[in-house]
**Student:** 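Have a look at this one.
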Amino acid sequence: MSTDTAPKLIEGRTGPWEIVLGLEVHAQVASNAKLFSGAAVGFGAGPNEQVSLVDAAMPGMLPVINRRCVEQAVKTGLGLKAKINTWSRFDRKNYFYPDLPQGYQISQYKDPIVGEGQIEVERDDGSTFTVRIERLHLEQDAGKSIHDMDPNATYVDLNRAGTALMEIVSFPDMRSPEEAAAYVKKLRTILIYLGTCDGDLEKGNLRADVNVSVCRPGDYEKFRETGSFSHLGTRCEIKNVNSYRYIQQAIEYEARRQVEILEDGGKIDQETRLFDPNKGETRSMRSKEEAHDYRYFPDPDLLPLELDPAWIKQIEASLPELPDDKRARLKAQYGLSHYDAGVLIIDQARADYFERAAKGRDAKLVANWVTNELLARLAKDGLEIEQSPIPSDDVAGLVQLLEENVISSKIAKEVFEHMWAGEGTPAQIVEARGLKQVTDTGALEALIDKLIAANPGQAAQVKEKPQAIGWFVGQVMRETQGKANPAAVNEILRAKLS
Ligand code: ADP
Ligand code: MG
């Protein structure tokens, strides 16, 4: 079986090694309430303000499944082109921790709500690869222990306890730190398009556990042929990495650490590790021997989850256009390059802005203005496209002035600056500032005659070297403050000088 992976090689003393990566991404479900209680979900509430009796695990409290969270999981599964399981079940994963009042986490173990799917991911160079999704299941998040508020005490904030998470487990189909980061980026884009997760890494509503192993060239292909994990090296899992940069640094460090151990004749312990961004290192958190026995069993307080196929169809019909489809459509409908379309679909608002501005205009020109000038300006001021001081109508207006030869592209840049400063529509700015292109050939001819008469030496040169005409073009532009129509200027000059 051929794969489209591009493994990153690590040169060891004993020969080359390859990296193998599988990710477990925890995505907080976008929902107003928790998975099994009516308590609010939100960022920025005071400590323990969003805790119901269920979340606090008071005796006798019973969980009630939140339909909205189930719907979001199904929607996500459909967006990942995955199998939706009409029968799934919740299990208790038992462990003791102060931020887990129930003493167990409700999760899905053997029978998740979503089965196998896949995602197309783009590398930085524009090439693509496929990451297979193994499963997606729903589970509760835990609360938070706060160790740094008091030297003698640990505080517990249960606001997050019981919040719905989707754990999205990939197959080990990523082969370099860059591919792992690109996968999380793509997954995030899809979730945001679907509206099923806010995808804010800083707020922790998207976090990745990164599984890393190394193997010799050829072993991964055997794994893909047979499906047997025994061809792969032992993995270590790096918990809760929450930035693209940390994901890459952690993998880089961890893969090298494993190669060193193996080359010294050692063995990799399957363990859970933590990444320390300050040191750029991973360190052991717990090894497999100390691994918890979670004593999973079906939660007796919850019935199995049975989904009506008609409801799934209804959710499917409500899916928005997804990033890959949008990209293909923008390329086909507007003739955009793969790259430009890729830049525009990074978020829906960008693509919408472009499509509003492109209506009836030269779409490629509109795409140029949006992807170059506008996005650069927005980035410089740290603004999102929704906050753009220039409305899409005005980009359309600017492109119209260019199409109609009212202004040159050089002047258009100047007009753009005034648009950014809020001086009005492009047409108003051109009018008020007298930036209209001079296409009046009579006026241009008079000016050119004057220039030729004043510079006979330069004029003679043009007869020998036609490129020297550029000097005169420059002079005309200077005299007209850039407003002369370049095509008209060239034509008149050629007629007079050759
Ligand atoms: P666990 O509950 O132990 O974390 P999961 O099945 O939830 O196990 O997730 C295991 C993750 O590790 C998956 O993303 C899988 O693709 C990945 N994985 C499994 N074996 C390897 C390996 N040898 N190298 C890298 N990743 C691996
Ligand atoms: Mg897991």
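Both ligands and their constituent atoms are indexed starting at 1 by order of listing. Since the model is a prediction, treat every value here as computed from it, not as a measurement.
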**Student:** List every atom of ligand 1 that sits less than 4.0 Å from any heavy atom of Val20, numbering the atoms from 1 in the order shown and giving each element.
**Tutor:**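 Those atoms are 24 (N), 25 (C).
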**Student:** The test is salt bridge (Lys or Arg N to Asp or Glu O under 4.0 Å); show your working for Glu254 and Arg256 and say whether it passes.
**Tutor:** CA-CA 5 Å; Glu254 179 59 22; Arg256 279 175 200 286; over 6 Å; no
**Student:** Could you say whether the N/O atoms of Thr234 and ligand 1 ever approach to under 3.5 Å?
**Tutor:**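 Between Thr234 and ligand 1 (N or O atoms, distance only) the closest approach is not under 3.5 Å.
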**Student:** Which part of Leu23 is near ligand 1, with near meaning a heavy atom under 4.0 Å away: side chain, backbone, both or neither?
**Tutor:**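 The answer is the backbone of Leu23.
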**Student:** From atom 3 (O) of ligand 1, work out which of Arg235, Glu24, His137 has a heavy atom at the shortest distance.
**Tutor:**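 Checking each option, the heavy atom nearest atom 3 (O) of ligand 1 is found in Arg235.
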**Student:** Going by distance only, is there an N or O of Leu232 that falls short of 3.5 Å from an N or O of ligand 1?
**Tutor:**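 Not met; the criterion fails.
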**Student:** Is atom CD of Gln387 surrounded by more than 12 heavy atoms (other residues, nucleotides or ligands) closer than 6.0 Å?
**Tutor:**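 Yes, because the 6.0 Å sphere around CD of Gln387 holds more than 12 heavy atoms from other groups.
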**Student:** Looking at Asp157 and Asn159, would you say the former's side chain and the latter's main chain have a donor-acceptor pair under 3.5 Å?
**Tutor:**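 It does hold such a pair.
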**Student:** Run the salt-bridge test on Lys186 and Asp324 with the 4.0 Å N-O cut-off and return the result as yes or no.
**Tutor:**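 So Lys186 pairs with Asp324 through a salt bridge.
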**Student:** Report yes if some N/O of Val169 lies less than 3.5 Å from some N/O of ligand 1; otherwise report no.
**Tutor:**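 So ligand 1 has no N or O lying under 3.5 Å from an N or O of Val169.
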**Student:** Could you walk me through whether Glu271 and Arg257 pass salt bridge (Lys or Arg N to Asp or Glu O under 4.0 Å), step by step?
**Tutor:** CA-CA 13 Å; Glu271 57 181 3; Arg257 186 188 73 87; 3.7 Å; yes
**Student:** What are the atoms of ligand 1, with element, lying closer than 4.0 Å to any heavy atom of Pro172?
**Tutor:**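 Taking each heavy atom of Pro172 in turn, ligand 1 has 16 (O), 26 (N), 27 (C) under 4.0 Å.
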**Student:** Which ligand 1 atoms, with their elements, are less than 4.0 angstrom from a heavy-atom of Phe229?
**Tutor:**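 Listed by number with element, the hits are 19 (C), 20 (N).
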**Student:** Hey, are Lys8 and Glu252 close enough for a salt bridge, meaning a charged N less than 4.0 Å from a carboxylate O?
**Tutor:**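 Answer for the salt bridge query: yes.
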**Student:** Show your working on side-chain contact (heavy atoms from CB on, under 4.5 Å) between Val114 and Arg135 and close with a plain yes or no.
**Tutor:** CA-CA 6 Å; Val114 175; Arg135 59 190 271 151; over 6 Å; no
**Student:** Taking only heavy atoms of Gly233, which atoms of ligand 1 are found under 4.0 Å from at least one of them?
**Tutor:**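 That gives atoms 23 (N) of ligand 1.
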